[in-house]
Amino acid sequence: MEGGFHGGTTDGSAFRQCFSLLWNNPYVLRLAFSAGIGGLLFGYDTGVISGALLYIRDDFKSVDRNTVLQETIVSMAIAGAIIGAAIGGWMNDRYGRRTAILMADFLFFIGAVIMAASPGPSLLIVGRIFVGLGVGMASMTSPLYISEASPAKIRGALVSTNGFLITGGQFLSYLINLAFTKAPGTWRWMLGVAGVPALVQFLLMLFLPESPRWLYRKGRSEEAERILRKIYSPNEVEAEIQDLKDSVEAEIKEKQSSEKISMIKLLKTKTVRRGLYAGVGLQVFQQFVGINTVMYYSPSIVQLAGFASNETALLLSLVTAGLNALGSIVSIYFIDRTGRKKLLVISLFGVIISLGLLSGVFHETTSHSPLVSTKTTQLNAYTCPDYSLARETASWDCIKCLKASSPDCGFCASAANKLFPGECLVSNDTVKDLCLGEDRLWYTRGCPSKFGWLALIGLALYIIFFSPGMGTVPWIVNSEIYPLRYRGVCGGIAATANWVSNLVVAQSFLSLTQSIGPSWTFLIFGLISIVALMFVLICVPETKGLPIEEIEQMLENKALHLKFWEKRADTSEKGQGA
């Protein structure tokens with residue numbers, strides 16, 4: 001997140017100072033909290049769809065077995081976010097940060113209402129696009145507003161909390177999902193509730209000022225000074241006003257020169273080119289190691305591991321959301337102690353091990369699936385037609401039963417033990433109720449397995465290792481690695497690469513699990529993680545504590561640094577003292 005970390009300013013003492021200043025100046029707390037709701041909205045939308053999708057599939061049969069349609073419902077919000085981020089950048093400069101946040105809230109609220117009221121998947125997708133537009137605008141505007149409307153001493157700490165609010169929003173979405181599992185309309189409530197914080201933020205922002213930096217850039221210096229006098233103490237405000245004037249003048253000059261920047265010029269400049277390799281590569285790998293398959297589809301993954309109930313899948317997925325929120329706090333503590341590169345390497349080692357475990361668990365789950373019983377029961381009248389017409393039924397197991405498609409079939413597990421042979425039956429609400437009425441479990445998306453808990457351990461380990469490293473470091477490196485003149489355009493390129501990669505993964509995960517199975521899907525993510533680890537070791541420099549000039553010199557002289565555990569003698573020491 002832009003502006004989230006600045007050298008060593010986000011350690012424990014910085015946060016203590018932050019809370020002390022906020023206590024003494026509630027106005028700053030109002031500004032930061034009100035804008036921070038944007039991060040909460042971002043996180044909520046990311047997490048809520050994972051649980052809502054379970055019930056959307058139950059309500060709309062056209063969605064249930066159509067994985068491409070499920071992926072589209074999830075990923076259209078990401079497509080909207082890509083457009084929203086682009087529009088948000090223009091709107092921020094033209095109309096101001098506050099106006100951009102108000103527009104993001106309006107779009108998000110409209111999207112939430114459309115989703116909650118949608119009679120079918122088509123209108124649901126339209127609502128997802130509206131929500132995505134709001135998310136894209138809020139994701140870039142909220143941290144920017146907080147950064148520009150916060151005292152310099154606590155700016156880094158306040159902007160860092162935006163990342164925690166995103167993961168906190170994801171955790172909140174799982175709690176909301178669980179709260180509405182028994183309510184009529186389930187998924188409509190889950191998606192509709194998202195409009196409440198958007199409405200709250202809209203109302204709060206109506207009574208808050210514009211960013212003082214933006215006001216100065218637009219020549220409205222008196223308004224900017226009035227706001228700064230509320231933010232800073234009397235003995236600090238004059239110096240801050242002068243610093244802001246100097247900074248805005250320098251920024252305007254820089255922008256005038258950066259307007260002449262072209263992509264060809266970027267790629268011809270060695271330091272920028274090498275910085276882009278590292279920055280864009282990290283953003284792409286952040287998505288391609290599979291994080292948003294876990295965040296968007298974790299309840300579905302839990303069901304694939306053998307947990308049939310929607311409520312159970314949501315409850316168990318709550319653990320991953322909680323660990324993700326915890327990981328963002330851990331990252332704040334370790335980022336300036338361990339260093340960016342070492343944290344990335346440790347993170348990817350753990351991700352590789354976790355994905356290997358998940359691949360192995362799902363291989364065992366599919367290869368040890370319960371057989372289809374040949375016994376006669378009162379449910380035989382609903383036997384799956386594909387099974388009845390098969391010449392060789394001895395080889396039929398739960399996995400083969402769930403792949404039947406004329407019509408779709410489900411697996412009714414044995415009442416004695418879910419791992420014993422069960423029945424392959426036509427999948428509809430009547431048969432489901434008959435199966436559950438006999439105190440048996442009904443499976444349509446995964447099969448009973450004794451290895452399910454290992455899959456949960458694998459998911460938990462994945463989040464524990466991913467969140468503090470690959471979850472946050474790519475954004476930090478991108479805020480540090482580019483020369484100041486090129487930072488805006490290069491940061492935009494890297495952020496766009498992240499969103500596009502996110503879209504690709506979200507739009508393909510369920511199709512991959514259906515065509516090649518979850519075991520091979522996680523194995524592919526594991527192999528990509530190995531490539532990512534080699535990329536980090538070879539192409540990503542350690543930027544911890546280094547001023548921009550030394551990072552530029554490092555990239556100019558040497559792009560590769562295989563021995564990541566060794567300090568760069570002079571540069572590192574000089575950087576630490578800078």
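Atom set for the values below is all heavy atoms of this structure, side chains included, hydrogens, waters and symmetry mates excluded.
Val351 places none of its side-chain heavy atoms less than 4.5 Å from the side chain of Ile291. Within the 4.5 Å cutoff, the side chain of Leu282 has heavy atoms near those of the Val536 side chain. Annotation: side chain of Trp499 is not in contact with side chain of Leu503 (no heavy-atom distance under 4.5 Å). Side-chain contact check for Leu358 versus Ile301: every heavy-atom pair is 4.5 Å or farther apart. Side chains of Phe171 and Leu326 form no contact here, defined as non-hydrogen atoms less than 4.5 Å apart. Side-chain contact between Val280 and Ile493 is present, with heavy atoms from C-beta onward closer than 4.5 Å. Side-chain atoms of Phe288 and Val504, non-hydrogen and from C-beta on, do get closer than 4.5 Å to each other. Ile457 places a side-chain heavy atom less than 4.5 Å from the side chain of Leu461.
Listed by chain and number, the residues in a side chain to side chain contact (heavy atoms under 4.5 Å, CB included) with Ala506 are Val74, Ser75, Ile78, Tyr296, Asn502 (sequence neighbours excluded). With sequence neighbours excluded, no residue forms a salt bridge (charged side-chain N to carboxylate O under 4.0 Å, His left out) with Asp105. When the side chain to side chain donor-acceptor pair (under 3.5 Å) test is applied to Gln201, no partner is found at least two apart in sequence or on another chain. Shown here are the ring pair (Phe, Tyr, Trp, His ring centres under 6.0 Å) partners of Trp453, two or more places apart in sequence or in another chain: Phe307.
Under a 3.5 Å cut-off, the side chain of Thr46 and the backbone N or O of Phe42 do form a donor-acceptor pair. Side chain of Arg97 to backbone of Thr141: no donor-acceptor contact under 3.5 angstrom is found. Under a 3.5 Å cut-off, the side chain of Glu71 and the backbone N or O of Leu510 do form a donor-acceptor pair. In this structure, the side chain of Ser173 engages the main chain of Gln170 through a donor-acceptor pair within 3.5 Å. At distances below 3.5 Å, not a single donor-acceptor pair connects side-chain atoms of Tyr145 with backbone N or O atoms of Glu210.
The shortest heavy-atom contact between Ala104 and Met137 is CB-CB, 3.8 Å. Here the closest non-hydrogen pair linking Gly458 and Ser354 is O-CB, 3.7 Å. Between Ala194 and Tyr44, the shortest heavy-atom contact is CB-CE2, 3.5 Å. The two atoms that bring Met91 and Thr99 nearest to each other are SD-O, 4.4 Å, heavy atoms only. Here the shortest heavy-atom pairing between Leu357 and Leu454 reads CD2-O, 4.1 Å. For Leu41 against Ala198, the heavy-atom pair with the smallest separation is CD2-N, 3.7 Å.
Atom CG of Leu107 and atom CD1 of Ile129 lie 12.0 Å apart (nearest 0.5 Å). From Ile516, atom CD1 reaches atom OG1 of Thr521 across 4.0 Å, with rounding to the nearest 0.5 Å. One finds the CD1 atom of Ile49 at 10.0 Å from the CD atom of Gln70 (value rounded to the nearest 0.5 Å). Rounded to the nearest 0.5 Å, atoms CD1 (Ile87) and CD1 (Ile82) are 12.0 Å apart.
For Phe362 and Trp520, the ring centers sit 6.0 Å or farther from each other.
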### Residues Ile125, Ile73; criterion side chain to side chain contact (heavy atoms under 4.5 Å, CB included); working and verdict
CA-CA 5 Å; Ile125 290 170; Ile73 290 170; 3.9 Å; yes
### Task
Verify side chain to side chain contact (heavy atoms under 4.5 Å, CB included) between Ile352 and Leu533, making sure each step is shown before the conclusion.
CA-CA 9 Å; Ile352 291 166; Leu533 177 60; 4.0 Å; yes
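Listed by first then second residue, pairs satisfying salt bridge (Lys or Arg N to Asp or Glu O under 4.0 Å) with a partner in residues 39-49 read Asp45-Arg128, not counting sequence neighbours.
Between Phe509 and Phe525, the ring-plane angle classifies as parallel under the 30° and 60° cut-offs.
Summarising the local packing, OH of Tyr174 is surrounded by more than 12 heavy atoms from other residues, nucleotides or ligands at distances under 6.0 Å. Heavy-atom neighbours of Phe535 CZ from other residues, nucleotides or ligands within 6.0 Å: above the threshold of 12.
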List the atom pairs, donor and acceptor, that lie under 3.5 Å between side-chain atoms in residues 463-471 and the rest of the protein, sequence neighbours left out.
residue, atom, partner, partner atom, Å
Ser467, OG, Asn324, O, 3.0
Ser467, OG, Asn324, OD1, 3.1

